[in-house]
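Everything on this sheet refers to the single structure shown next.
Heavy-atom basis, side chains included; hydrogens, waters and symmetry copies ignored. Computed from a predicted structure; not experimentally measured.
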Amino acid sequence: MINEKINQVAVVGAGAMGSGIAQVCIQSGYSVILFDVNESQLKLAASNIVKRAKKWAEKRNQQEELPLLEERLMIGERLEDLKDADFVIEAVAERLTVKRALFSRLEDIVSSDTILASNTSGISITDIAHDCKNKERVVGTHFFNPAPVMPVVELIQGECSSKEVVEIATAFIESLEKNVVLAKDVPGFIVNRIITPMLNEAMLSYEQGISTKEDIDTALKKAMGHPMGPLELSDYIGLDTLLYFMEHVYAETGNEAYKPGEFLKELVRKGHLGLKTGKGFYEYAEANAKITG
């Protein structure tokens with residue numbers, strides 16, 4: 001059921017995460033405006049979102065939804081086109097400076113009542129809100145990839161996030177039929193704080209020649225019952241996203257468990273970012289993650 005306090009959702013960033021979040025929102029009945037500085041990426045993402053959402057509706061025999069899904073998705077040609085949004089979700093590069101600059105710009109565009117949410121996988125919400133005049137309206141809403149499929153969202157309350165904003169954000173996420181888990185504003189929140197050291201250890205084990213990438217993944221899948229091995233999962237998340245996150249947490253905490261290895265850095269330098277580029281630890285026939293519903 002749509003949250004009555006939110007008429008329009010805006011998503012900034014049309015990559016895998018932003019596209020998936022936008023898809024979830026239109027499937028849940030929300031009007032969504034999608035923006036990305038890369039115009040070609042934006043148009044391609046919008047087309048794919050509608051295709052995936054229509055396939056989702058067809059699977060559920062919801063024929064009446066087919067024309068509505070396309071109507072609910074709009075493209076923003078400029079950031080200023082987001083001015084009427086009630087809830088903005090940022091899904092841009094995992095860089096603090098980029099996110100801070102974006103939130104500062106958004107404050108000058110949207111209404112004073114608009115909630116600004118970051119989909120960061122582990123950067124402090126308090127730090128992201130640092131340059132905002134109204135820090136009370138900034139929260140973290142960390143969706144997982146693929147957003148239309150993964151049933152949980154981490155909700156992070158920054159030092160200044162108001163109780164009312166957290167309550168509205170909680171109701172909004174629940175309206176998307178997602179489970180809400182509350183996390184403190186610490187590096188990595190819950191999931192990434194726990195899983196990233198394991199992914200890093202798997203990458204280091206491969207780099208050090210302890211085993212092959214296939215055997216590392218097979219061992220973890222068979223022994224731990226994981227659906228994907230750690231190197232497969234790293235490719236799926238995006239090696240650049242992992243590297244930026246690990247570097248950030250390592251700089252913040254000094255915890256060696258998050259210190260990235262040279263092989264990961266080399267892959268990112270070469271542009272081998274995982275599934276989205278067609279090559280990472282493994283090679284893929286098709287670039288870009290497939291997001292289904």
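Between Phe263 and Phe281, the angle of the ring planes lies from 30° to 60°, which puts this pair in the tilted group.
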I would like to know whether Glu252 and Tyr258 meet side-chain hydrogen bond (donor to acceptor under 3.5 Å, both in side chains); could you show each step before the answer? CA-CA 10 Å; Glu252 286 277 311; Tyr258 296 92; over 6 Å; no

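A search for ring pair (Phe, Tyr, Trp, His ring centres under 6.0 Å) contacts involving Tyr282 returns nothing, not counting sequence neighbours. For Phe35, there are no ring pair (Phe, Tyr, Trp, His ring centres under 6.0 Å) partners, not counting sequence neighbours.
A donor and an acceptor atom, one from each side chain of Glu177 and Ser28, are nowhere located under 3.5 Å apart. In summary, the side chains of Tyr30 and Asn7 do not present any donor paired with an acceptor at a separation below 3.5 Å, with no hydrogens or angles considered.
Shortest non-hydrogen contact noted between Arg193 and Pro187 is NH1-O, 2.9 Å. Of all non-hydrogen atoms in Pro230 and Met198, the two that sit nearest each other are CB-CE, 4.2 Å. For the residue pair Met203 and Leu242, the shortest heavy atom distance occurs at CE-CD1, 4.3 Å.
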Taking distance alone, no hydrogens or angles, what donor-acceptor pairs closer than 3.5 Å link side-chain atoms of residues 122-129 to residues at least two apart or in another chain?
{"unit_1": "Ser124", "atom_1": "OG", "unit_2": "Thr126", "atom_2": "N", "d": "3.2"}
{"unit_1": "Ser124", "atom_1": "OG", "unit_2": "Asp127", "atom_2": "N", "d": "3.1"}
{"unit_1": "Ser124", "atom_1": "OG", "unit_2": "Asp185", "atom_2": "OD2", "d": "3.1"}
{"unit_1": "Thr126", "atom_1": "OG1", "unit_2": "Glu159", "atom_2": "N", "d": "2.9"}
{"unit_1": "Thr126", "atom_1": "OG1", "unit_2": "Asp185", "atom_2": "OD2", "d": "2.7"}

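Ion pairing between a basic and an acidic side chain is recognised when a charged N comes within 4.0 Å of a carboxylate O; Lys55 and Glu58 show no such pairing. The pair Glu266-Lys270 meets the salt-bridge criterion, since a charged nitrogen lies less than 4.0 angstrom from a carboxylate oxygen. The pair Arg105-Glu80 counts as a salt bridge, with a side-chain nitrogen and a carboxylate oxygen less than 4.0 angstrom apart. Taking a cutoff of 4.0 Å between a charged side-chain nitrogen and a carboxylate oxygen, Lys133 and Asp108 qualify as a salt bridge. Ion pairing between Lys99 and Glu94 holds under the 4.0 Å rule for side-chain N and carboxylate O. Salt bridge absent: Lys54 and Glu65 never bring a charged side-chain N and a carboxylate O closer than 4.0 Å.
With a 6.0 Å cutoff to the six-membered ring centre and a 45° limit on the axis angle, Arg95 counts as a cation-pi contact of Tyr244.
A 4.5 Å side-chain heavy-atom check between Ile237 and Leu199 finds at least one atom pair inside the cut-off. Residues Ser118 and Phe103 meet the side-chain proximity criterion, which asks for heavy atoms closer than 4.5 Å.
Note: the hydrophobic cluster containing Leu34 does not contain Leu106 (ILVMFWY, side chain heavy atoms under 4.5 Å, direct or indirect links).
Counting heavy-atom neighbours within 6.0 Å of Gln62 CD, excluding the residue itself, gives a total above 12.
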